Participant: 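Have a look at this one before I ask anything.
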Amino acid sequence: MSFAESPLEVPFGAAIDPEEFLRATMHWHFSPETGSAFWLERAGSLGFDPRTDVRTFDDLTLFPNFADELRQVRIEDVIPRGYGPCPDVVGVYESGGTTGEPKRVVLLRDWLDRLLHWSSAQLDAHGFPRDVNWLVVVPTGPHMVGDVIKAQAVSRGGLPFTVDLDPRWVKRLIADGKAAEAGMYADHIIEQVAYLLESQDIGVLMCTPPVLERIAARDDLARLVNKKVRAINWVGTQMDADTRFLYRSEIFPNAVLYSGYGSTMILGNASERVGLTDDDPCVYDPFSPYMSLSVVDPETGKPVPYGERGQVVMHHVSKAMFLPNNLERDLATRVEPPAGQVGDSVADIAPVAEFKSEKVIEGVY
Amino acid sequence: MGRGLISLEALGAHGTFRARNRMAVSDVSGTPVAELSLVPRLYVTRSMAAMHRAHTLPLAERIAALTRAARLFTEGVIGGLTFNEYERVVSRVSGVPIGVVREAAAAVADSAKQAGSTAFEARPAGAVGDWRDPLTREGRAVWTRRGDVFAVHAAGNHPGPHGLWLEALALGYRVAVRPSRREPFTPHRLITALRAAGFGEDHVALLPTDHDAADELLRRSDLGMVYGGDEVVRKYAGTNVLPQGPGRSKILITRDRDWRDHLDTIVGSIGDQGGVACINATAVFVEGDPAPVAEAIAERLADLPSLPPEDEKAVLPVQPAESARAIEAFVLGRAAGLRAWLGDEGLVEELGDGSAVLRPAVYQLDRPDAEQAGIEVPFPCVWVAPWSRANGIAPLRGTLVLTAITGDDELVDRLLDEPTISNVYHGDHPTYWIRPGVPHDGYLGEFLMRTKTVIRD
């Protein structure tokens with residue numbers, strides 16, 4: 001093996017020293033030759049030099065939360081210069097928009113490939129079939145999840161079918177008290193799902209818990225799922241343990257049920273831990289060290305004890321992007337990580353009721 | 001209790017379900033006595049779907065099963081509880097005096113026994129119950145259901161209201177009950193008994209939920225019934241959901257009658273049932289000076305003892321001290337400036353175990369249209385007001401039971417003609433009088449059923 005290379009580019013699945021990797025990443029993002037205009041412009045006002053002062057993942061808390069600036073920044077400025085004049089850009093994506101004007105990020109090819117390699121291994125570990133088609137009922141357009149999952153379906157040997165879902169519109173309807181319109185929108189989604197379930201060979205269904213409930217409530221669709229679908233990947237909102245149990249034991253007993261906890265701000269998702277029992281909460285482990293999570297007391301910013309509730313802070317650290325210290329809209333239970341993982345694992349995700357004075361609303365998404 | 005927590009599982013259309021999401025049901029001292037399984041929305045959706053698919057039992061089997069259920073309810077050991085133990089738990093949890101609970105539980109059993117006849121009292125005189133009736137050969141109305149699945153958001157103030165939805169079962173509805181989280185024991189026992197007596201799991205179900213999933217019961221049913229306050233009435237009036245709102249029962253005594261002859265009836269109307277029922281009198285209207293009437297009521301109610309609800313001699317309701325204090329603060333606030341014949345020194349007597357008795361209150365109003373006359377609270381609390389012919393019946397509107405102690409038949413005519421008065425008791429009859437077969441707020445059958453013309457060869 002002649003990979004005497006930077007820890008930024010270890011082969012997929014190879015062992016990595018998290019702190020060595022972190023220091024290499026700081027060097028990349030804060031060196032004038034390789035860093036992005038966004039970080040280089042801000043480096044001077046940090047009061048420390050990330051290339052020498054950030055040694056451990058705990059040191060990431062030295063950074064202020066820059067996430068809000070991603071709502072206004074010129075998007076070219078967040079691409080590291082080290083990618084050269086023609087970076088391989090998969091797309092520009094936005095946060096969901098639950099908390100006002102969206103934040104924007106760039107998805108670069110090398111990170112997508114790394115993410116898919118990891119998430120595909122997670123799907124294998126959960127018993128997801130390969131070489132089957134996916135029905136993907138998640139936001140597309142400006143939302144990263146749609147494109148990532150389409151690429152994932154293809155990379156695992158299947159074809160992706162999509163039903164578009166506009167979470168921002170649903171949230172508007174609910175915020176305006178238009179429950180009937182929100183219901184109509186949900187019916188509109190289910191109608192499109194029905195066409196695909198009826199006519200196509202669907203092996204994996206990916207959707208939100210509210211959409212899954214509506215599928216389960218329709219006998220014809222539930223039958224089709226039981227006949228065709230071998231795995232269900234739910235994302236977007238929480239699902240209580242009793243509901244999960246009902247799916248597994250009675251409604252879709254032949255399908256694997258698996259969840260991811262995604263965020264645009266980590267450019268991907270944490271993955272349900274393998275081997276949880278029906279009584280366990282749904283525990284998510286992130287793709288360490290590229291994604292790391294901590295669960296903090298929103299008042300003090302300090303980590304809460306294991307088993308306690310707190311607000312989720314996320315870091316994304318890769319060659320493609322550096323997004324430290326983003327305070328998410330979610331509350332979670334802090335869970336002990338598996339050996340070797342950087343940061344916390346999380347469970348029982350729920351939205352914070354009030355966040356920066358704009359109400360967070362749960363809906364179809 | 002000398003036992004572990006009682007487990008109250010959901011009784012869904014696919015069997016019993018012990019949820020991971022359970023809430024503690026505590027007695028009036030705050031001590032947990034039971035754990036209630038709360039089912040998620042998906043569970044409700046599935047149970048309701050199964051109930052729609054189910055087939056109703058033939059009439060004779062339904063009636064026989066209801067009769068059997070009445071016996072199991074009172075004689076069986078259900079969920080580890082004998083009838084006496086069940087009554088005691090209900091009393092400890094709801095704070096309703098044990099004697100009242102016993103009467104109400106017996107009345108629920110009686111309703112089950114009699115539902116086969118009482119439910120059919122609502123059938124129009126022109127209608128027959130079955131299209132096979134020979135009368136349909138000439139063309140005839142047939143009384144039929146407006147739907148198949150009936151959902152109930154039940155009340156927890158008193159076991160009595162659970163007697164009502166049994167009529168829906170008798171009429172052939174499949175019934176899903178969301179129990180009050182305050183007192184889920186009565187519907188749990190009743191539905192367990194109904195199932196043991198022959199109703200299928202998809203014929204009668206107990207679906208305890210939090211607020212989020214509660215609407216799903218109504219959304220997935222053909223018709224519903226919801227107990228609540230003015231807000232519930234406003235929300236559901238004129239829909240497929242029948243609201244059961246506040247009682248605001250009242251007594252009117254006109255000048256031609258001597259109130260002293262009716263004091264037992266007046267005081268009983270206020271304080272019987274511990275004052276927790278919608279058929280307890282909230283206001284008394286006196287043609288003439290209300291002061292001596294208020295004074296006499298106060299004198300009689302003042303001596304009622306403060307006792308734990310399970311005490312054989314208990315007659316007043318008990319609540320956790322904190323909620324009793326909140327009710328007290330509310331009432332004292334609304335009564336500020338009024339003449340208090342009873343209750344001016346507070347309405348709460350703590351029992352020392354975290355619970356507190358709500359003691360009777362008697363206030364005198366200056367005018368019959370004072371808004372306090374409509375304040376209904378779950379203990380013996382009465383507003384005594386002057387009334388004159390000039391006031392007319394406007395102050396008497398919005399009333400579940402109106403006892404009119406008067407010799408004026410024309411006035412009685414007008415009270416009966418008033419659409420917002422549900423029941424008129426003329427003379428010496430307490431507001432709490434109720435028997436199987438007379439309508440409580442109209443017959444439930446008026447809401448659940450309709451007529452269709454059938455003519456045949």
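All chains are named by letter (A, B, ...) in the order of the sequence lines, taking the proteins before the strands, and each is independently numbered beginning at 1. Computed from a predicted structure; not experimentally measured.
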Participant: If only side-chain N and O atoms count, and only distance matters, is there a donor-acceptor pair under 3.5 Å linking A:H188 with A:Q192?
Facilitator: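 Yes, side-chain donor-acceptor contact under 3.5 Å.
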Participant: Nearest 0.5 Å, what's the CG-CG distance between A:L224 and A:L196?
Facilitator: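 Between atom CG of A:L224 and atom CG of A:L196 there are 11.5 Å.
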Participant: Could I get the full list of side-chain hydrogen bond (donor to acceptor under 3.5 Å, both in side chains) partners for A:N254, not counting sequence neighbours?
Facilitator: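 Counting only residues at least two positions away or on another chain, A:N254 forms no side-chain hydrogen bond (donor to acceptor under 3.5 Å, both in side chains).
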Participant: Please examine the side chains of A:I149 and A:T162, heavy atoms only from C-beta on, and report whether any two atoms are closer than 4.5 Å.
Facilitator: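 A side-chain contact is absent here, since even the closest heavy-atom pair is not under 4.5 Å.
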Participant: Heavy-atom cut-off 4.5 Å, strictly under: side chain, backbone, both or neither for B:A49 against chain A?
Facilitator: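 Neither the backbone nor the side chain of B:A49 comes within 4.5 Å of chain A.
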Participant: Check whether A:A241 gets within reach of chain B through its side chain, its backbone, both or neither, counting any heavy atom under 4.5 Å.
Facilitator: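 When you check distances to chain B, atoms from both the backbone and side chain of A:A241 fall under 4.5 Å.
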Participant: Taking only residues two or more places apart in sequence, or in another chain, which ones meet A:R230 in a salt bridge (charged side-chain N to carboxylate O under 4.0 Å, His left out)?
Facilitator: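 Partners of A:R230 under the salt bridge (charged side-chain N to carboxylate O under 4.0 Å, His left out) test: none.
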Participant: Test your reading of the model: is there a side-chain donor-acceptor pair from A:Y185 to the backbone of A:D166, 3.5 Å cut-off?
Facilitator: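 It does hold such a pair.
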Participant: Can you name the side-chain hydrogen bond (donor to acceptor under 3.5 Å, both in side chains) partners of A:E308, sequence neighbours left out?
Facilitator: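 Not a single residue meets the side-chain hydrogen bond (donor to acceptor under 3.5 Å, both in side chains) criterion with A:E308.
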Participant: Write out all chain A-chain B donor-acceptor pairs shorter than 3.5 Å, or none if the list is empty.
Facilitator:
residue, atom, partner, partner atom, Å
A:E213, OE1, B:R41, NE, 2.8
A:E213, OE1, B:R41, NH2, 3.4
A:D219, OD2, B:R53, NH1, 2.9
A:D242, OD1, B:R20, N, 2.7
A:D242, OD1, B:R20, NH1, 3.1
A:D242, OD2, B:R20, N, 3.1
A:D242, OD2, B:N21, N, 3.0
A:E250, OE1, B:R46, NH2, 3.0
A:D278, O, B:R20, NE, 3.2
A:D279, OD1, B:R20, NE, 2.6
A:D279, OD1, B:R20, NH2, 3.4

